[in-house]
Asks: 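So that we are looking at the same thing, I have put the structure below in structure tokens.
All heavy atoms count here, side chains included; hydrogens, waters and symmetry mates do not.
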Amino acid sequence: MPAPKDADARRAIAPVICYPVTTLPKPDMPALANHRTSLVKASETLVPPREASCFRVPAGGAFRITSVEGPQVGDLNIWNANDLSERFYSGKTRALHGTHLSTGERMWSSFPALRPMATIIADTLDWYGIDSFGGSVHDVIGTRCDPYTNTLLSGGQYHACCHSNLTRALARETGMTLAEAETHVHDVLNVFMCTGFTRDTGQYFMKASPVRPGDYIEFIAEIDLLGALSACPGGDCSAAHSSDEAACYPLVVEVFAPPVGTDWACPPMNGYDRSHGAAG
């Protein structure tokens with residue numbers, strides 16, 4: 001279709017932020033930093049290359065994801081450990097904080113709870129910012145590599161992907177069947193992954209992650225959490241989303257627990273009354 005005469009004027013209309021966050025409850029970062037000093041390491045989980053592992057974090061505890069051998073990205077799922085129907089909501093987190101997360105931002109949970117699940121308190125890659133391609137680190141725009149999209153685009157049965165890794169890990173942790181566990185696997189925080197959107201076609205892109213051994217991202221658990229992390233079969237995602245050829249490395253998850261008797265106030269459930277406008 002030919003462009004209308006006022007095409008340039010229409011394009012020039014200034015954007016409006018969908019969800020202004022001036023009233024969004026903000027974490028007290030100095031208080032969280034002080035709280036972090038009281039936490040004691042409780043466990044360590046090695047996530048093997050091309051695999052996934054689960055871990056649990058008590059409310060008020062912390063967890064740290066670290067690159068230990070080479071550049072590697074990870075796909076992170078978190079759930080309310082006491083109710084798996086409350087899980088990370090990447091879409092709403094993206095709407096509130098933007099396409100990528102870093103220090104001081106939060107992972108928000110699904111409806112009807114819509115509350116902070118975890119708050120990022122440290123990120124050794126926060127220096128990266130946004131590069132000249134529009135790329136940044138720790139995205140909430142991608143979903144996770146999965147066998148269904150692979151079958152759609154390439155055909156065949158391919159299992160080396162984060163969706164399947166997370167499904168197997170959750171099934172092992174909970175005793176659920178694979179079919180039951182899969183219903184709880186959700187869109188992820190792409191830890192260490194460097195992504196953005198192309199300027200010309202608006203397509204989701206990835207590029208080599210800047211992560212190096214020793215880099216980490218650390219979170220305070222706002223509620224009791226069950227987590228699952230997949231060491232993506234794409235390695236640093238410099239070439240393929242998932243691949244049998246990519247160089248892949250393990251990731252480590254350390255969990256830190258608060259001292260017994262620590263008074264930790266979990267964020268309350270969202271205050272909406274759930275009447276949805278129906279007549280009383």
Asks: What pairs meet the salt bridge (Lys or Arg N to Asp or Glu O under 4.0 Å) rule with one or both residues in residues 10-24, with sequence neighbours excluded?
Replies: Asp6-Arg10, Asp8-Arg11

Asks: For a 4.5 angstrom cut-off between non-hydrogen side-chain atoms, does Cys194 reach Cys237?
Replies: no

Asks: Which residues pass the side chain to side chain donor-acceptor pair (under 3.5 Å) test with Thr201, sequence neighbours left out?
Replies: Thr198, Gln203

Asks: Donor-acceptor pair, distance only, cut-off 3.5 Å: does the side chain of Thr37 make one with the backbone of Asn34?
Replies: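 Checked: pair present.
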
Asks: Does the side chain of Leu166 come within less than 4.5 Å of His186's, by heavy atoms?
Replies: no

Asks: Which pair of heavy atoms, one from Pro49 and one from Ala231, lies closest together, and at what distance?
Replies: CA-CB, 4.1 Å

Asks: With rounding to the nearest 0.5 Å, note down the distance linking CG in Asn190 to SG in Cys232.
Replies: 8.0 Å

Asks: Testing the basics here: between Phe205 and Gly134, what is the closest heavy-atom pair and its distance to 0.1 Å?
Replies: CZ-C, 4.1 Å

Asks: Are Ile220 and Leu39 close enough that some pair of their side-chain heavy atoms sits under 4.5 Å apart?
Replies: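 Contact flag for Ile220/Leu39 side chains = yes.
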
Asks: Hey, what do you get for OG1 (Thr143) to CG (Asp187), rounding to the nearest 0.5 Å?
Replies: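 Those atoms lie 5.5 Å apart.
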
Asks: List, by chain and number, the other hydrophobic cluster members for Leu152, where Ile, Leu, Val, Met, Phe, Trp and Tyr join if side-chain heavy atoms come within less than 4.5 Å, directly or indirectly.
Replies: none

Asks: Just by distance, do the side chain of Asp224 and the backbone of Ala59 share a donor-acceptor pair under 3.5 Å?
Replies: yes

Asks: Can you run down the salt bridge (Lys or Arg N to Asp or Glu O under 4.0 Å) pairs that involve residues 193-202, sequence neighbours left out, and say none if there aren't any?
Replies: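 Counting only pairs at least two positions apart or across chains, no salt bridge (Lys or Arg N to Asp or Glu O under 4.0 Å) contact touches residues 193-202.
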
Asks: Going by atom types only, do Asp123 and Ser102 share a side-chain donor-acceptor pair under 3.5 Å?
Replies: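 Yes, Ser102 and Asp123 have a side-chain donor paired with an acceptor closer than 3.5 Å.
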
Asks: Taking the side chain as every heavy atom from C-beta outward, state whether Thr99 and Ile141 have any pair of such atoms under 4.5 Å apart.
Replies: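 Yes; the side chains approach each other to less than 4.5 Å.
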
Asks: So which heavy atom on Ser110 is nearest to which on Ser85, and how close?
Replies: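 Of all heavy-atom pairs spanning Ser110 and Ser85, the closest is OG-O, 3.3 Å.
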
Asks: Strictly by ring pair (Phe, Tyr, Trp, His ring centres under 6.0 Å), give each pair with a member in residues 122-144 just once, sequence neighbours left out.
Replies: His138-Phe192

Asks: Just checking Ile130: does its CD1 atom have more than 12 heavy atoms from other residues, nucleotides or ligands closer to it than 6.0 angstrom?
Replies: no

Asks: How close do Gly70 and Ser67 get, heavy atom to heavy atom, and via which atoms?
Replies: O-OG, 3.1 Å

Asks: Would Leu229 and Leu225 show up in the same hydrophobic cluster when neighbours are defined by side-chain heavy atoms closer than 4.5 Å?
Replies: yes

Asks: So which pairs with a foot in residues 45-74 pass ring pair (Phe, Tyr, Trp, His ring centres under 6.0 Å), sequence neighbours left out?
Replies: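 Output for this query lists Phe55-Phe63, Phe63-Phe219.
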
Asks: Is it the case that one hydrophobic cluster holds both Trp108 and Val57, taking links as side-chain heavy atoms less than 4.5 Å apart, direct or via other members?
Replies: no

Asks: Would you call the rings of Tyr204 and Phe197 parallel, tilted or perpendicular if under 30° counts as parallel and over 60° as perpendicular?
Replies: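 Answer is tilted, since the angle falls between 30° and 60°.
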
Asks: Do Ile65 and Leu76 have side chains that get closer than 4.5 Å, going by heavy atoms?
Replies: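 A side-chain contact under 4.5 Å exists here.
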
Asks: Tell me whether Val137 is reachable from Val211 by hopping between hydrophobic residues (I, L, V, M, F, W, Y) whose side-chain heavy atoms are closer than 4.5 Å.
Replies: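 Hydrophobic grouping puts Val211 with Val137.
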
Asks: For residues Met29 and Ile121, report the shortest heavy-atom separation together with the two atoms involved.
Replies: CE-CA, 3.9 Å

Asks: Answer yes if Ile120 and Met117 sit in the same cluster of Ile, Leu, Val, Met, Phe, Trp and Tyr residues linked by side chain heavy atoms under 4.5 Å apart, and no otherwise.
Replies: yes

Asks: Identify the two heavy atoms, one from Gly156 and one from Thr151, that lie closest to each other, and give their separation to 0.1 Å.
Replies: O-OG1, 2.9 Å

Asks: Is there a side-chain contact between Ile217 and Leu125 in this structure, where contact means two heavy atoms from C-beta onward sitting under 4.5 Å apart?
Replies: no

Asks: Just wondering, do Pro27 and Leu32 contact through their side chains at under 4.5 Å, heavy atoms?
Replies: yes

Asks: Mind checking the CG-OG1 spacing from Leu189 to Thr93? Nearest 0.5 Å is all I need.
Replies: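 Output value for this atom pair is 8.5 Å.
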
Asks: Is there a donor-acceptor pair closer than 3.5 Å between any side-chain N or O of Thr195 and the backbone N or O of Met206?
Replies: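 Here the side-chain-to-backbone pair does not exist.
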
Asks: Can you check whether Val185's main-chain N or O pairs, donor with acceptor, with Trp79's side chain at less than 3.5 Å?
Replies: no

Asks: Please examine the side chains of Cys54 and Thr174, heavy atoms only from C-beta on, and report whether any two atoms are closer than 4.5 Å.
Replies: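 With C-beta onward as the side chain, the pair stays apart.
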
Asks: Taking side chain to side chain donor-acceptor pair (under 3.5 Å) as the definition, give me every residue that meets it alongside His35, ordered by chain and number, with sequence neighbours left out.
Replies: none

Asks: Could you give all pairs that pass the salt bridge (Lys or Arg N to Asp or Glu O under 4.0 Å) test and reach residues 83-101, with sequence neighbours left out?
Replies: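 Passing the test, one end in residues 83-101: Glu86-Arg115.
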
Asks: Going from CZ on Arg172 to OG on Ser53, what distance comes out if it is rounded to the nearest 0.5 angstrom?
Replies: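 Separation between the atoms: 6.5 Å.
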
Asks: CG/Asp139 to NE2/His100 distance, rounded to the nearest 0.5 angstrom?
Replies: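 One finds 4.5 Å between CG of Asp139 and NE2 of His100.
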
Asks: Report the C-alpha distance between Leu24 and His97 in whole Å, list the side-chain angles of each, state the deciding distance to 0.1 Å, and finish with yes or no for side-chain contact (heavy atoms from CB on, under 4.5 Å).
Replies: CA-CA 10 Å; Leu24 185 70; His97 292 303; 3.9 Å; yes

Asks: Among pairs that include at least one residue of residues 202-221, which meet salt bridge (Lys or Arg N to Asp or Glu O under 4.0 Å), considering only residues two or more places apart or in two chains?
Replies: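 Listed once each, the pairs are Arg36-Glu218, Arg64-Glu218, Asp131-Lys207.
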
Asks: Identify, with sequence neighbours excluded, every residue that meets side chain to side chain contact (heavy atoms under 4.5 Å, CB included) alongside Tyr148.
Replies: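 By the side chain to side chain contact (heavy atoms under 4.5 Å, CB included) rule, Tyr148 matches Asp146, His163, Glu182.
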
Asks: Look only at the side chain of Ser209 and the backbone of Pro71, and say whether a donor-acceptor pair between them is shorter than 3.5 Å.
Replies: no

Asks: Whether the side chain of Lys26 engages the backbone of Val21 through a donor-acceptor N/O pair (distance < 3.5 Å, no angle test) should be reported.
Replies: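 Confirmed, Lys26 side chain pairs with Val21 backbone.
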
Asks: Under the side chain to side chain donor-acceptor pair (under 3.5 Å) test, which residues partner Ser275, sequence neighbours left out?
Replies: Asp273

Asks: Counting distance only, does the side-chain N/O of Thr167 pair as donor-acceptor with the main-chain N or O of Ala181 below 3.5 Å?
Replies: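 No.
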
Asks: So, taking the atom named CD1 in Ile78 and the one named CG in Leu84, what distance separates them when rounded to the nearest 0.5 Å?
Replies: 12.0 Å

Asks: Linking I/L/V/M/F/W/Y whenever their side-chain heavy atoms sit closer than 4.5 Å, directly or via other members, would Phe88 and Met193 fall into one cluster?
Replies: yes

Asks: Please say whether more than 12 non-hydrogen atoms of neighbouring residues, nucleotides or ligands are located less than 6.0 Å from CG in Leu153.
Replies: yes

Asks: Would you find a donor on one side and an acceptor on the other, under 3.5 Å apart, between the side chain of Ser164 and the backbone of Ala160?
Replies: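 Absent.
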
Asks: For residues 249-269, please give each side-chain donor-acceptor pair under 3.5 Å, one per line with the distance, not counting sequence neighbours.
Replies:
residue, atom, partner, partner atom, Å
Glu254, OE2, Lys41, NZ, 2.9
Thr262, OG1, Pro259, O, 2.7
Trp264, NE1, Glu222, O, 3.1

